[in-house]
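Sequential numbering from 1 along the given sequence is applied to the chain's residues.
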Amino acid sequence: MPVLHVSNIGKQFVMHLRGGIRIPAISNLSFSVERGECVVLNGPSGAGKSSVLKMVYGTYETENGGILVRHGDRIIDIASADPLVMKQVRRTTVGYVSQFLRVVPRISARDLVAEPLLAEGEHHDVAISRAEALLDRLNVPESLWALPPATFSGGEQQRVNIARGFITQHPLLLLDEPSASLDARNRQIVIELINKKKAAGVTMLCIFHDAEMREAVADRFIEVSPLLSGQNGSEPSSDASKTPMPPSSRAQSTQKRRGYLSGIRT
Ligand SMILES: Nc1ncnc2c1ncn2[C@@H]1O[C@H](COP(=O)(O)OP(=O)(O)OP(=O)(O)O)[C@@H](O)[C@H]1O
């Protein structure tokens, strides 16, 4: 069983305050992601990439299909999981790093970053020292660590957010444009952190609009096409989609793999 197995998922948004208008977003999309693989969702704006990540995180309800993840020694279907089970899954198995930091009034950057580790039961001093190490690695000035990030620049907030998302050992990480506001130097650090996670066997499903970032981290791409009225999705049929690619061979074969491994809707 792969770390993540998505089968035939579908979703449409119903605008209840707009006369019940239905916006089809995802239809019949299937793919799997193996341990240590970094898979990037590709597709034009509005195609449904973020919706897929939110369905995998359980933020968006999934109407059809299944989203299976390995949670400890159990297999959980996120599409139908009980909210309390989802809470546990998020605490230890599936992490999510979005573009935006959710600031909490009066909570310092250091404590915000340490908080997911403390929630897992880590010792306070260990959590704080790992938070500081990550903030330092991401070039957040030490003078800011004790301050609440509400007044930080966009890039500083994003780096605090990345530190918070990367501090745990969650086996599956969902990255939704985590580096959108970063300069080249800090994007490079994020690439290094992602590669370190991969080497530790962490599985990642990501969205990056920056082509350089995508090429640097992706082992494989899944195409998410805009869902036009009446169109449906189809899953990649090749067994190769279930085969993780060794990091060393990624760069030269990214282009080749993009076509036949994609979850292209037809
Ligand atoms: N909460 C929501 N309510 C209504 N419609 C939504 C909601 N979230 C997404 N949509 C719609 O679903 C479609 C897919 O949106 P989504 O954000 O998943 O696309 P995306 O591929 O991630 O786009 P981008 O690259 O611009 O971030 C869009 O038409 C969007 O308007």
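In this structure Ser129 satisfies the side chain to side chain contact (heavy atoms under 4.5 Å, CB included) test with no other residue, sequence neighbours excluded. Arg90 meets the salt bridge (charged side-chain N to carboxylate O under 4.0 Å, His left out) test with no other residue; sequence neighbours excluded. In terms of the salt bridge (charged side-chain N to carboxylate O under 4.0 Å, His left out) criterion, residue partners of Glu132 (sequence neighbours excluded) are, by chain and number, Arg110.
Hydrophobic clustering (ILVMFWY, side-chain heavy atoms < 4.5 Å, transitive): Ile23 and Ile9 are in one cluster. Linking Ile, Leu, Val, Met, Phe, Trp and Tyr residues whenever their side-chain heavy atoms come within less than 4.5 Å leaves Val126 and Ile167 in two separate clusters. Cluster membership for Ile189 and Leu101, using ILVMFWY side-chain heavy atoms within less than 4.5 angstrom, is shared. Neither Met204 nor Leu68 shares a network with the other; the hydrophobic side chains, linked directly or stepwise wherever heavy atoms of I, L, V, M, F, W or Y lie under 4.5 Å apart, form separate groups for each. Note: the hydrophobic cluster containing Ile75 does not contain Val3 (ILVMFWY, side chain heavy atoms under 4.5 Å, direct or indirect links).
Checked by atom type and distance alone, the side chain of Glu177 pairs as donor or acceptor with a backbone atom of His209 at under 3.5 Å. Looking at Asn8, its side chain never comes within 3.5 Å of a backbone N or O of Ser30 through a donor-acceptor pair. A donor-acceptor contact shorter than 3.5 Å links the side chain of Asp219 to the backbone of Cys38. Looking only at distances, a side-chain donor or acceptor of Gln158 sits under 3.5 Å from a matching main-chain atom of Ser181. A distance-only check finds no donor-acceptor pair linking the side chain of Trp145 to the backbone of Asp111 [under 3.5 Å]. Remark: the backbone N or O of Met55 is not paired with any side-chain donor or acceptor of Thr59 at under 3.5 angstrom. A donor-acceptor distance shorter than 3.5 angstrom exists from the side chain of His123 to the backbone of Asp125, with no hydrogens or angles considered. Listed for the Gln157 side chain is a donor-acceptor partner under 3.5 Å among the backbone atoms of Ala150. Judged by distance alone, with hydrogens and angles left aside, the side-chain atoms of Glu115 form no donor-acceptor pair with the main-chain N or O of Leu112 at under 3.5 Å. Of the possible donor and acceptor atoms, one in the side chain of Thr203 sits under 3.5 Å from a partner among the backbone N and O of Glu34.
With salt bridges taken as basic N to acidic carboxylate O contacts below 4.0 Å, none links Asp176 and Lys54. Under a 4.0 Å N-O distance rule, the pair Lys198/Glu37 does not qualify as a salt bridge.
Under the 4.5 Å side-chain criterion, counting only non-hydrogen atoms from C-beta, Pro148 is not in contact with Ile107. Using a 4.5 Å cut-off on side-chain heavy atoms (C-beta onward), Ile128 and His124 make contact. Residues Tyr60 and Ile26 form no side-chain contact, since every pair of their non-hydrogen atoms from C-beta on lies 4.5 Å or further apart. Annotation: side chain of Leu205 is in contact with side chain of Phe31 (closest heavy-atom distance under 4.5 Å). Looking only at side-chain heavy atoms (C-beta outward), Val97 and Asn161 come within less than 4.5 Å of each other. Between Ile222 and Asn42 there is no side-chain heavy-atom pair separated by less than 4.5 Å. Taking the side chain as every heavy atom from C-beta outward, Pro178 and Ile162 approach each other to under 4.5 Å. Two residues are said to be in side-chain contact when any heavy atoms from C-beta on lie closer than 4.5 Å; Ile207 and Ser50 meet this criterion.
Side-chain contact of His170 with Thr93: a donor-acceptor pair under 3.5 Å is absent, judged by distance alone. With 3.5 Å as the limit, one finds a donor-acceptor pair spanning the side chains of Arg185 and Asn139.
Nearest approach of Thr62 to Ala79, heavy atoms of both residues: CB-CB, 3.9 Å. Contact record, Asp77 with Ile67: OD1-N, 2.9 Å, taken as the closest heavy-atom pair. Gln99 and Ala180 get closest at one heavy-atom pair: NE2-CB, 3.7 Å. Minimum heavy-atom separation, Leu135 to Ala163: CD2-CB, 4.3 Å. Listed here is the closest heavy atom pair of Lys11 and Phe13: CE-CE2, 3.5 Å. Nearest heavy-atom pair across Val217 and Phe208 is CG2-CE1, 3.6 Å.
Note: Lys196 NZ to Leu193 CG = 7.0 Å, rounded to the nearest 0.5 Å. Here Ser153 contributes atom OG and Leu144 contributes atom CG; the two are 8.5 Å apart, rounded to the nearest 0.5 Å. Distance check: Leu182 CG to Gln188 CD gives 12.0 Å after rounding to the nearest 0.5 Å. The NZ atom of Lys49 lies 10.5 Å from the OG atom of Ser225; values are rounded to the nearest 0.5 Å. To the nearest 0.5 angstrom, Leu4 atom CG is 7.0 Å from Ser32 atom OG. From Asn64, atom CG reaches atom CG of Asn28 across 8.5 Å, with rounding to the nearest 0.5 Å.
Within a 6.0 Å radius of CD in Glu212, other residues, nucleotides and ligands contribute 12 heavy atoms or fewer.
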Report task. Before giving the answer on side chain to side chain contact (heavy atoms under 4.5 Å, CB included), spell out for Ile76 and Val85 the whole-Å C-alpha distance, their side-chain angles and the decisive distance to 0.1 Å. Result -> CA-CA 9 Å; Ile76 303 287; Val85 172; 3.8 Å; yes

**Report entry** Check against side chain to side chain contact (heavy atoms under 4.5 Å, CB included), Ile194 and Met213
**Finding:** CA-CA 11 Å; Ile194 288 174; Met213 193 82 196; 4.2 Å; yes

Report task. Apply side chain to side chain contact (heavy atoms under 4.5 Å, CB included) to Thr92 and His71, showing your working. Result -> CA-CA 8 Å; Thr92 57; His71 174 59; 3.3 Å; yes

Query raised in the report: Checking side chain to side chain contact (heavy atoms under 4.5 Å, CB included) for the pair Phe166/Leu175: CA distance, chi angles, key distance, verdict?
Result: CA-CA 10 Å; Phe166 276 61; Leu175 309 179; 3.9 Å; yes

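Ring planes of Tyr96 and Tyr57: parallel class, angle under 30° (limits at 30 and 60°).
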